[in-house]
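See structure below.
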Amino acid sequence: MSVKHGTRWVPRELPAGVPLYLALADRISEDVQSGRLIPGARLPAQRDLAEQLGVDLTTVTRGYAEARRRGLLSGQVGRGTFVSPALAALDAGVGRGTPGVTDLSLNLPPRLESDIASEALSNTLARSARSVHSMALLAYQDNAGMQSHREAGAAWIGRRLPDADAERVVLTCGAQHGILVLLSRLAARGDVVLTERHTFPGFVGAAEYLGVRVRGVDTDDDGIDVDAFRKACRAGARVLYTTPTIQNPTTVTMPASRRAALAKVARQYGVRIIEDDVYGMLALDAPPALSSYAPELSYYVVSLTKAIAGGLRIGYVLSPTASDAERVAAGVRVTTWSAPPLMAHVASDWVRSRVAADLLKANRAEATRRQALAAREFHGWSWHANPSGYHGWLELPDEWTSAEFVAQARRRGVLVTPADAFAADADSATAAVRVCVTAPPGRPELEDALGRVRQLLEVGPWTSARTM
Ligand SMILES: Cc1ncc(COP(=O)(O)O)c(C=O)c1O
């Protein structure tokens with residue numbers, strides 16, 4: 001449970017091997033990060049906590065002072081100690097922090113209980129500042145990214161495509177930017193780009209922005225239907241945009257046989273593929289990337305933002321050839337010159353030092369714990385999810401429309417996203433909602449929100465107060 005105003009917080013057991021006051025400050029920090037301690041929550045009086053923990057008063061006084069020094073606590077002598085309310089403003093990233101509402105509508109990496117990311121960030125920044133290369137990170141760099149950053153990108157992509165080499169890698173500001181740049185290179189205004197019937201809205205937005213027409217292709221439980229794809233290719237489509245692993249929103253992962261069959265058709269018609277693999281590394285058992293079946297046609301897009309941290313905004317595009325990569329880099333030049341070298345440096349450092357691998361593992365583990373909660377809550381309902389993915393797809397009973405369900409859920413204090421938001425085109429209507437299990441700060445909040453969604457399913461639309 002989160003510690004709200006007026007309830008009592010007690011830290012978990014303080015670890016041995018560190019001075020106790022620092023251990024206490026660390027516990028406060030962890031609980032603030034995990035959402036167990038929310039901004040404004042009151043901490044126990046120092047004397048009470050000392051008694052409860054069996055430590056002397058000075059330890060608690062110094063622990064609180066250390067936490068205050070870190071900007072975690074505020075308060076005045078005699079009036080109590082509180083989690084700094086200013087943290088609410090700092091933390092109010094997208095989807096974090098609307099009081100009374102649990103937001104299950106955004107696909108974010110989960111907030112972790114451990115300090116891996118914050119420790120890694122301070123180490124990386126401290127080392128970078130002292131490095132002889134620090135000024136290079138503040139200078140304009142090549143549009144494709146610095147050579148060492150492209151190499152780190154190739155290493156990251158290499159987890160899914162072992163042949164990736166730095167000459168074919170271009171850094172972008174996240175996968176969204178990669179998609180925009182690729183669409184602008186591969187499709188002209190008025191061209192048709194194919195995708196799953198329900199697809200990532202950021203792709204549809206980019207296509208609309210560029211005047212490219214999007215057509216949804218029929219799918220089944222294994223992803224894009226091969227015959228429907230062939231028909232659309234025959235009708236003149238130029239490009240396929242697809243997310244073959246943990247598709248957003250349906251969570252479908254295409255088996256290897258489907259990837260091979262789609263690649264064969266693409267090759268037959270010379271249709272280029274944009275493979276969006278932002279969730280590929282979350283899946284433990286993902287088949288080889290689609291790009292490996294038609295490397296000469298495929299542009300592979302990935303980022304560190306989904307698997308590692310949303311605010312890093314570093315992504316990579318792997319092109320079929322080095323010359324194709326140069327053309328992609330030209331697209332980066334006109335949109336942003338280059339991905340920010342300092343952020344790319346953080347990303348590269350983490351890829352090389354294994355921080356990225358550790359964070360990926362931790363994010364995956366947290367997502368797995370949360371998916372288990374969702375699987376339990378939605379047992380018996382039409383719930384689709386990858387066991388280590390960030391989101392799930394809830395198909396609704398016939399009596400619901402997505403819009404009605406979303407409105408009723410909102411009245412119950414839970415935000416979910418209607419299927420319509422993911423419709424590739426006007427033919428893609430269905431009654432379903434996407435539920436993101438990693439969006440809320442803590443598991444207790446998630447469990448509570450999932451319970452409210454399940455109750456809504458049980459109650460049905462007629463008994464809910466929709467006429468109010
Ligand atoms: C399928 C898909 N691709 C790309 C993105 C955007 O990723 P990034 O944050 O790296 O721009 C998202 C974000 O939700 C997504 O779901």
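Atoms within each ligand, like the ligands themselves, are counted from 1 in listed order.
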N or O contact, Ser303 vs ligand 1, cut-off under 3.5 Å: yes
Heavy-atom nearest neighbour of atom 10 (O) of ligand 1 within options Thr305, Ile179, Ile308: Thr305
Assess, by modelled atom type and distance only, whether the side chains of [X] and [Y] contain a donor and an acceptor separated by less than 3.5 Å.
{"X": "His384", "Y": "Thr250", "answer": "no"}
{"X": "Glu326", "Y": "Ser323", "answer": "no"}
{"X": "Glu275", "Y": "Thr242", "answer": "no"}

Which atom of Ala431 lies closest to which atom of Ser402, heavy atoms considered: CA-OG, 3.5 Å
Derivation of the side chain to side chain contact (heavy atoms under 4.5 Å, CB included) call for Leu112 and Asn363: CA-CA 7 Å; Leu112 298 175; Asn363 282 331; 3.5 Å; yes
Arg313 heavy atom under 4.0 Å from ligand 1: yes
Aromatic ring pairing His345/His149, orientation class (parallel under 30°, perpendicular over 60°, tilted between): tilted
Residues Asp349, Thr124; criterion side chain to side chain donor-acceptor pair (under 3.5 Å); working and verdict: CA-CA 7 Å; Asp349 193 50; Thr124 302; 2.9 Å; yes
Within a distance under 4.0 Å of any heavy atom of [X], pick out the atoms of ligand 1 and give their elements.
{"X": "Val278", "value": "1 (C), 2 (C), 3 (N), 4 (C), 15 (C)"}
{"X": "Asn248", "value": "1 (C), 15 (C), 16 (O)"}
{"X": "Gly174", "value": "10 (O), 11 (O)"}

Test applied, side-chain hydrogen bond (donor to acceptor under 3.5 Å, both in side chains); reference residue, Arg197; option that passes from Thr219, Thr430, Asp218: Asp218
Considering non-hydrogen atoms of the protein only, which is the closest contact for [atom], and what is the distance?
{"atom": "atom 3 (N) of ligand 1", "value": "Asp276 OD2, 2.5 Å"}
{"atom": "atom 7 (O) of ligand 1", "value": "Ala175 CB, 3.6 Å"}
{"atom": "atom 5 (C) of ligand 1", "value": "Phe200 CZ, 3.3 Å"}
{"atom": "atom 14 (O) of ligand 1", "value": "Lys306 NZ, 2.8 Å"}

Side chain, backbone, both or neither: Tyr279 near ligand 1, heavy atoms under 4.0 Å: side chain
